[in-house]
Amino acid sequence: MNQQRQSNIELLRLLSMFALLFLHFYTHILLPSESYAEQTGFWKDFPIVLTSLTSLQVNIFILISGWFGIHTTPKKIIGFYLLCAFYGVFTYLLSLGFGHSFSFRDLAISFMPFSALGGWWFAKAYLYLLLLAPLFNKAIEYMSKREFLYVLLVLVLINSYFGFFFKLDINKDGNNFMQLMYVYFIGRYLALYQNVDKLKLRKWTSIISVGGVALYAAVWLLNDNYLHLVKPYTFLLRNNLWSVFNSIVIFLFFTTLRFESKTINWLAKGAFAVYLVHESVWIAPIWRKCLTDIYYSYTPFLIWLVVAAIFVVYFFGVLCLDHLRVLITNPLEKKLDEWCAKIIMH
């Protein structure tokens, strides 16, 4: 995949990451605010409906991994650690400029991105998936289609029934390794057995996407104004069937597109860095406070305008920054890979 990036999938990756920024703004800043609770009408309902679409991004990322398959090697594991460690250290040093006090303990933590204090639940869960992918792939290789469907049914029951409806600890909110494994298996199944004419697939995924959004908007408005059955954030959980199903539909729609763009492929290489920087334990409190100040300082229209400008500058800035990071970590990655190869040979 790194050698032959498909621009349609890379565009989906970029759009999903941008949606993640919007989701985190909404859930951390807008939803908890007292002024939001007092609002009615458009400015209260529109963000909910819009944010429901952005909650699909984690599922889409893993569907992409499942579609192409994760082929684990020592070099990939080393590269993933160096990527996370680099941004752990970078964001820690950056936080010092915003008033964070220096300590050797915090500096040490920044080199341990997968520790309990390192934050980044998705990075940790993806590491587990990276380590276990060879076992999953081998099991899938020997499964029949019927056996694979049985495994998917079991995963639906565990994650979207027991997890989402009954809030059992195995996957009560979709922010864990079980969710990634669940969606990875779906992605592998689509890659192996999805065989529909692309024109028909594009047509039906388009209709279902529009219909799904309209139905969701109607359900939400009915709930918010009359029924009051669930809290707003319930619709954002990634393990609910609406989220999983619509992630699949949107992903399949993008697989039907065919175009090539070197610019998109170049930018998409740094997509994961966007997540690592803004969700760093050192940087997250800073940008959340900044956005909170903006939220309480402007009218609703200006809030969206200012935040959109900040997101665009930050988004493309980090995408470009990651290409500088590669110049630093790639030589180290190569040396460590050679060292590991020698150990394995002996």
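Keep in mind that what you see is a predicted model, and the values were worked out from it rather than measured.
- Put simply, the side chain of Asn239 does not reach to within 4.5 Å of the side chain of Asp173, judged on heavy atoms.
- No side-chain heavy atom of Val244 sits less than 4.5 Å from a side-chain heavy atom of Asn240.
- Using bins of under 30°, 30° to 60° and over 60° for the plane-to-plane angle, the ring pair Tyr126/Phe80 lands in the tilted bin.
- Few gaps surround CH2 on Trp266; more than 12 heavy atoms of other groups in view lie less than 6.0 Å from it.
- The number of heavy atoms from other shown groups lying within 6.0 Å of CH2 (Trp121) is above 12.
- Put simply, CG on Leu324 and CZ on Phe86 are 8.0 Å apart, with the number rounded to the nearest 0.5 Å.
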Walk me through it: do Leu11 and Phe259 pass the test side chain to side chain contact (heavy atoms under 4.5 Å, CB included)?
CA-CA 10 Å; Leu11 176 61; Phe259 65 92; 3.8 Å; yes

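- Contact annotation: the side chain of Asn265 never approaches that of Gln6 to less than 4.5 Å [non-hydrogen atoms, C-beta and beyond].
- Other residues, nucleotides and ligands contribute only 12 or fewer heavy atoms inside 6.0 Å of the NZ atom of Lys75.
- Counting only distance, with no hydrogens or angles, the side chain of Arg13 and the backbone of Ala268 share no donor-acceptor pair below 3.5 Å.
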Please walk me through it: do Val151 and Val154 pass side chain to side chain contact (heavy atoms under 4.5 Å, CB included)?
CA-CA 5 Å; Val151 170; Val154 170; 5.7 Å; no

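- In this structure, Met178 CE and Asn159 CG are separated by 4.5 Å, a value rounded to the nearest 0.5 Å.
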CA sep, side-chain torsions, deciding dist, call: Glu10, Lys269, side chain to side chain contact (heavy atoms under 4.5 Å, CB included)
CA-CA 8 Å; Glu10 298 309 305; Lys269 291 179 181 180; over 6 Å; no

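- Between the side chain of Arg146 and the backbone N or O of Met143, no donor-acceptor pair lies under 3.5 Å.
- In terms of hydrophobic clustering, with Ile, Leu, Val, Met, Phe, Trp and Tyr side chains grouped at heavy-atom distances under 4.5 Å, Leu336 and Val326 are assigned to different clusters.
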Check against side chain to side chain contact (heavy atoms under 4.5 Å, CB included), Leu201 and Thr255
CA-CA 9 Å; Leu201 185 62; Thr255 63; 4.2 Å; yes

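- Donor-acceptor pairing under 3.5 Å is lacking for the side chains of Ser7 and Ser261.
- Environment of CZ in Phe104: sparse, with no more than 12 heavy atoms of neighbouring residues, nucleotides or ligands closer than 6.0 Å.
- In the hydrophobic clustering of ILVMFWY residues, with side-chain heavy atoms under 4.5 Å counting as a link, Met17 and Val312 come out together.
- At least one donor-acceptor pair under 3.5 Å links the side chain of Trp120 to the backbone N or O of Leu276.
- Between the side chain of Lys124 and the main chain of Gly119, a donor-acceptor pair closer than 3.5 Å is present.
- Between the side chain of Asn59 and the main chain of Arg238, a donor-acceptor pair closer than 3.5 Å is present.
- Note on Leu152 and Leu135: same hydrophobic cluster, where clusters join Ile, Leu, Val, Met, Phe, Trp and Tyr whose side-chain heavy atoms are under 4.5 Å apart, directly or indirectly.
- A donor-acceptor distance shorter than 3.5 angstrom exists from the side chain of Asn8 to the backbone of Phe254, with no hydrogens or angles considered.
- Ring geometry for Tyr275 versus His278: interplanar angle over 60°, hence perpendicular rather than tilted (30 to 60°).
- For the atom pair NZ of Lys200 and NZ of Lys203, the computed distance is 9.0 Å after rounding to the nearest 0.5 Å.
- The backbone N or O of Leu130 lies less than 3.5 Å from a partner atom in the side chain of Thr72, making a donor-acceptor pair.
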For the pair Arg325 and Asp322, evaluate salt bridge (Lys or Arg N to Asp or Glu O under 4.0 Å) and give the outcome as yes or no after the intermediate values.
CA-CA 5 Å; Arg325 186 272 309 172; Asp322 195 60; 3.0 Å; yes

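- By the neighbour-count criterion of 12 heavy atoms within 6.0 Å, atom CZ of Arg105 is sparsely surrounded, having that number or fewer from other residues, nucleotides or ligands.
- Tyr189 pairs with exactly one of Tyr150, Phe148, Trp67 by the ring pair (Phe, Tyr, Trp, His ring centres under 6.0 Å) rule, that one being Phe148.
- Counted by atom type alone, Tyr184 and Asn137 present one or more donor-acceptor pairs between their side chains at under 3.5 Å.
- The closest side-chain heavy-atom distance from Leu93 to Leu96 is below 4.5 Å.
- A distance-only check finds no donor-acceptor pair linking the side chain of Gln179 to the backbone of Asn176 [under 3.5 Å].
- Exactly one of Ile64, Ile60, Leu257 qualifies for a side-chain contact (heavy atoms from CB on, under 4.5 Å) with Ile9. That residue is Ile64.
- Inter-residue side-chain proximity for Leu149 and Leu153 is flagged as unmet; no heavy-atom pair is nearer than 4.5 Å.
- Relative to the ring axis of Phe164, Lys167 places its NZ or CZ within 45° and under 6.0 Å from the centre.
- For the atom pair SG of Cys340 and CD1 of Ile78, the computed distance is 3.5 Å after rounding to the nearest 0.5 Å.
- A heavy-atom distance below 4.5 Å is found between the side chains of Leu12 and Ser16.
- Leu94 and Val313 end up in different hydrophobic clusters when Ile, Leu, Val, Met, Phe, Trp and Tyr side chains are linked at under 4.5 Å.
- Heavy atoms of other residues, nucleotides or ligands lying less than 6.0 angstrom from NZ of Lys335 number 12 at most.
- Counting heavy atoms from C-beta outward, Phe136 and Ile70 have side chains that stay 4.5 Å or more apart.
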Start with the C-alpha gap between Asp106 and Ser103, add the side-chain angles, then the distance that decides, and say whether side chain to side chain donor-acceptor pair (under 3.5 Å) holds.
CA-CA 5 Å; Asp106 289 346; Ser103 75; 3.2 Å; yes

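- Put simply, the side chain of Tyr314 gets close to the backbone of Val274: a donor and an acceptor are under 3.5 Å apart.
- A perpendicular orientation is assigned to the rings of Phe166 and Tyr161, their planes being inclined by more than 60° (bins at 30° and 60°).
- Relative orientation of the Phe90 and Tyr87 rings is perpendicular, given thresholds of 30° and 60° on the angle between their planes.
- The number of heavy-atom neighbours closer than 6.0 Å to CZ of Phe102, taken from other residues, nucleotides and ligands shown, is above 12.
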Before you tell me yes or no, could you show the steps for Glu279 and Arg288 under salt bridge (Lys or Arg N to Asp or Glu O under 4.0 Å), namely the whole-Å CA-CA distance, both residues' side-chain angles and the distance that decides it to 0.1 Å?
CA-CA 10 Å; Glu279 278 298 281; Arg288 288 173 189 172; 3.5 Å; yes

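- Scanning all heavy atoms of the two residues, the minimum distance from Ala123 to Cys84 falls at CB-SG, 4.2 Å.
- Met181 and Leu155 get closest at one heavy-atom pair: CE-CD2, 3.7 Å.
- Put simply, the side chain of Ser160 never gets that close to the backbone of Leu157: no donor and acceptor are under 3.5 Å apart.
- Contact record, Trp282 with Ser110: NE1-CB, 4.0 Å, taken as the closest heavy-atom pair.
- No side-chain heavy atom of Pro74 sits less than 4.5 Å from a side-chain heavy atom of Ile77.
- Rounding to the nearest 0.5 Å gives a distance of 12.0 Å between CG of Leu15 and CG of Leu56.
- Side-chain heavy atoms closer than 4.5 Å link hydrophobic residues (I, L, V, M, F, W, Y) into clusters, and following such links, possibly through other members, connects Tyr193 to Ile62.
- Of the inter-residue distances, the one linking Leu252 atom CG with Leu63 atom CG reads 8.0 Å to the nearest 0.5 angstrom.
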